Trainee: 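The structure follows.
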Amino acid sequence: MSILRVALDVPLDTLFDYLDAGHQAEVGMRVLVPFGRRQMVGVVLEIVEQSQLDNDALKPVLEVYGGEPTLSSEILRLLNFCADYYHYPLGQIVMSVLPGRLREARLALLEKILGYRLSELARQASLEVLPKRALIQRRLWLALEKQGSLTAENLGETSDNWHTAIKAMQAAGWVECVELKHVIPSAPSAIARPALNEDQAAAVEAVTRQLTGFKAWLLHGITGSGKTEVYMRLLESALAAPEAQVLVLVPEINLTPQLQARFKARFPHEPMVALHSQMSDGERLRNWRQAESGLARIVIGTRLSVFTPIPNLKLVVVDEEHDGSYKQQDGMRYSARDVAVVRAKQAGIPIVLGSATPSLETWHNSQAGRYALLTLGQRAVAQSQLPDIITLDARTPQLKDGLTPALINALHDRLAKGEQSLLFINRRGYSPVLLCSACAWVAPCERCSSRLVVHLRQRRLKCHHCGHEERIHVQCPNCGNPDLHPTGHGTQRLEATLAELFPEARVLRVDRDSTRRKGALEDMMAEVHGRRVDILVGTQMLAKGHDFPNLTLVGIIDTDSALFSPDFRAAERLFAQLMQVAGRAGRAEKPGEVLIQTAFPDHVLFEALKRHDYAAFATTLLQERKTAMFPPYCFQALLRAEAQKFEPVRDFIAEAANIAYGLDGAVMVYDPVRPTMARLNGMERAQLLVQAEHRQALQAFLKQWMGMLRSLPLAAKVRWSLDVDPLEI
DNA sequence: TTGAATGGCGAA
DNA sequence: TCGCCATTCAAA
């Protein structure tokens, strides 16, 4: 009798063996199995003849969910790689990449992919058999005539009331419901494609020439250089092969609808699905299923979608590859960008990583020749200019509520011209600190090593790390002084200041607080586009993806903390962020201006930024990293631990360090430290960094180390995790 | 991780 | 001795 080796969602680094009991399960199928006193859903990863355990110690599977799509061997191979590389239990990985519905103990996919097509009867007849006034029916008829068959989703795009119309047509016998296996290819239609500039054309040509076989490309294009157009041309080429599918990764959910809309306009006939965590379970499953079955040809999604089974994958695009959102920050701490590269390699297909400010890891790979570099140096709209970037010395006594006179003048100027401005400040709330004027007490968070932020309008103090809230104190709890001052500037305070300085201006604040309501961001963007806003105040939310044609001034307030941060990646991130924000200015024909307030106007970062010279800055940073032996010149892993009490955390980390010191000498083990947020959400934290010059050495070390850590008694007393290639240290 | 079994301790 | 808790252990 064959033995099924099953992956289960338990934090144990092992598979569990079950007897097949005549079910004839296959690798990749879901099964229901008894587990302790419970039942669990798992996935068959191996089928063997003999278990390590005695056969009578094995229980039979309860159910095999056959007739469903399974996890393909390609995906299982990728997940195996991840389990190895990130040192995370395979069972948990397998179960976490399945859509929620497939983690439930029931057959999920009895529903077929249904589509509609014109009946034989209808094909003999003509549109004129429909009532004259049934406009929607007529539209659907035409669409079906053109496409052959369409899914409910396709029809939903044709019109909102498609459902009643299709029912009527079905009742009249014009339309029939069929199960879809393949998309019926549509006749190519004339879609307007903008002309490419020289750089774009060269990039498209280079990749198109090598669409078979693995190759990683870095598409380095300044903001506004038309990266998306390059992606679309590449999709076009890749999709020219019959049945071919492509995967496009985007960093954030916010950016999916935008890109989706552009793709839809360009590829109206290509079935496209989006995958991200904000969709309902049903929708997620449906879309996953369409990708898995080969029906969807364009799959666009956030980081988790890198694990979607896509049988005929021919090209992967990772947009904004430098973006930190690609890194999962809990559970298996994978980098979707890195996994995407592995996936492309395993599948033997090209991958394009796009960014205006590539991560240093990627840039280094391109310099070392591992990735081929494609540069877009011109803005796509030829006459549009790169913005002028100017630093303003913030060490002036004439600061008015944190604003320099030069910035205020520039705002005046735009207002007079009827142009829009954007002030960028990376701090939500009214002010970041509540300070006692007498004893210098500041309101702390009880659960974190952080300060509470003043939200004046709601009269509350909030912790931006754990979500804790309390009322604003009437007097200092330390000395009784009633004179407590909100100190420093946040978005809300800036908004208030601007209202005072420019009473006639329409100011709009865009941050996590003001956009909490669903659809709020979209509404606000519409306000901006409709020119019903003069000055935008916002956090980094505004940096990504939005085009503001009438925006000609970007003011950046208070970025200095990142210049001298203990985190060696802070400068890299700041540069990327400033480049991105700067890219918001002057995207159309109007030249833009970026004013940066800083106490360090001559800092090299700003010098490079003024010249829009990413390459030079990257070279400087890489030089520093090389000298210090930091990534990408070494490979790191970070062991984190947390618990309610510090003592077990300290002991666990200390013991882990001791074990590490005793292992392989090719790995450097730092001292245990407490992170900047030593306390977070009521948990005491500590961490330990290890690094090695070679990935292999680090991996070999981690394998041993993890095995030993898992068997430590203390390991059960703390919450701990390993972060391979950590982004924040 | 979950859930059950174990063991220590105060109350009765 | 009961009941409650914290801790420990197994899961195929």
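Letters go in sequence order (proteins before strands), and every chain restarts at 1. Given the structure is predicted, the values throughout are model-derived calculations rather than measurements.
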Trainee: Which is it for A:Glu320 and A:Ser355 under the side chain to side chain donor-acceptor pair (under 3.5 Å) test, yes or no, and what are the steps along the way?
Mentor: CA-CA 5 Å; A:Glu320 308 293 352; A:Ser355 177; 4.5 Å; no

Trainee: Given A:Met40, which partner from the list A:Leu8, A:Leu62, A:Val6, A:Leu32 fulfils the side-chain contact (heavy atoms from CB on, under 4.5 Å) test?
Mentor: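 Result: among A:Leu8, A:Leu62, A:Val6, A:Leu32, A:Leu8 is the only option passing the side-chain contact (heavy atoms from CB on, under 4.5 Å) with A:Met40.
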
Trainee: Could you give the CG-to-P distance, from A:Leu714 to C:dT7, as a whole number of Å?
Mentor: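 In whole Å, C:dT7 P and A:Leu714 CG are 13 Å from each other.
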
Trainee: With the threshold set at under 4.0 Å for non-hydrogen atoms, list the residues of residues 85-93 of chain A touching DNA chain C in residue-number order.
Mentor: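 Going residue by residue through residues 85-93 of chain A, none turns out to have a heavy atom under 4.0 Å of DNA chain C.
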
Trainee: By the side chain to side chain donor-acceptor pair (under 3.5 Å) test, which pairs, at least two apart or in different chains, include something from residues 631-659 of chain A?
Mentor: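 Passing the test, one end in residues 631-659 of chain A: A:Gln636-A:Gln691, A:Arg640-A:Asp723, A:Glu642-A:Arg719.
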
Trainee: Among pairs that include at least one residue of residues 82-107 of chain A, which meet ring-ring contact (aromatic ring centres under 6.0 Å, His included), considering only residues two or more places apart or in two chains?
Mentor: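 Found A:Phe81-A:Tyr85.
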
Trainee: Show me the side-chain donor-acceptor pairs of residues 702-709 of chain A shorter than 3.5 Å, one per line, residues at least two apart or across chains.
Mentor:
{"unit_1": "A:Trp705", "atom_1": "NE1", "unit_2": "A:Ala656", "atom_2": "O", "d": "3.0"}

Trainee: Just checking A:Gln329: does its CD atom have more than 12 heavy atoms from other residues, nucleotides or ligands closer to it than 6.0 angstrom?
Mentor: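 More than 12 heavy atoms, drawn from other residues, nucleotides or ligands, come within 6.0 Å of this atom.
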
Trainee: Residues in ring pair (Phe, Tyr, Trp, His ring centres under 6.0 Å) with A:Tyr326, at least two apart?
Mentor: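 Per chain and number, A:Tyr326 pairs via ring pair (Phe, Tyr, Trp, His ring centres under 6.0 Å) with no residue.
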
Trainee: Could you check how far CD of A:Gln39 sits from P of B:dG3, rounded to whole Å?
Mentor: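 The answer, rounded to whole Å, is 13 Å.
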
Trainee: Below 3.5 Å is the cut-off: list the nitrogen or oxygen pairs between protein and nucleotides 10-12 of chain C, distance only.
Mentor:
{"unit_1": "C:dA12", "atom_1": "OP1", "unit_2": "A:Gly36", "atom_2": "N", "d": "2.8"}
{"unit_1": "C:dA12", "atom_1": "OP1", "unit_2": "A:Lys59", "atom_2": "NZ", "d": "2.8"}
{"unit_1": "C:dA12", "atom_1": "O3'", "unit_2": "A:Asp17", "atom_2": "O", "d": "2.4"}
{"unit_1": "C:dA12", "atom_1": "O3'", "unit_2": "A:Lys59", "atom_2": "N", "d": "3.1"}

Trainee: Report yes or no: is the cationic atom of A:Arg343 (NZ for Lys, CZ for Arg) under 6.0 Å from the centre of the six-membered ring of A:Phe307, at an angle within 45° of the ring normal?
Mentor: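 No, A:Arg343 does not sit over the ring of A:Phe307.
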
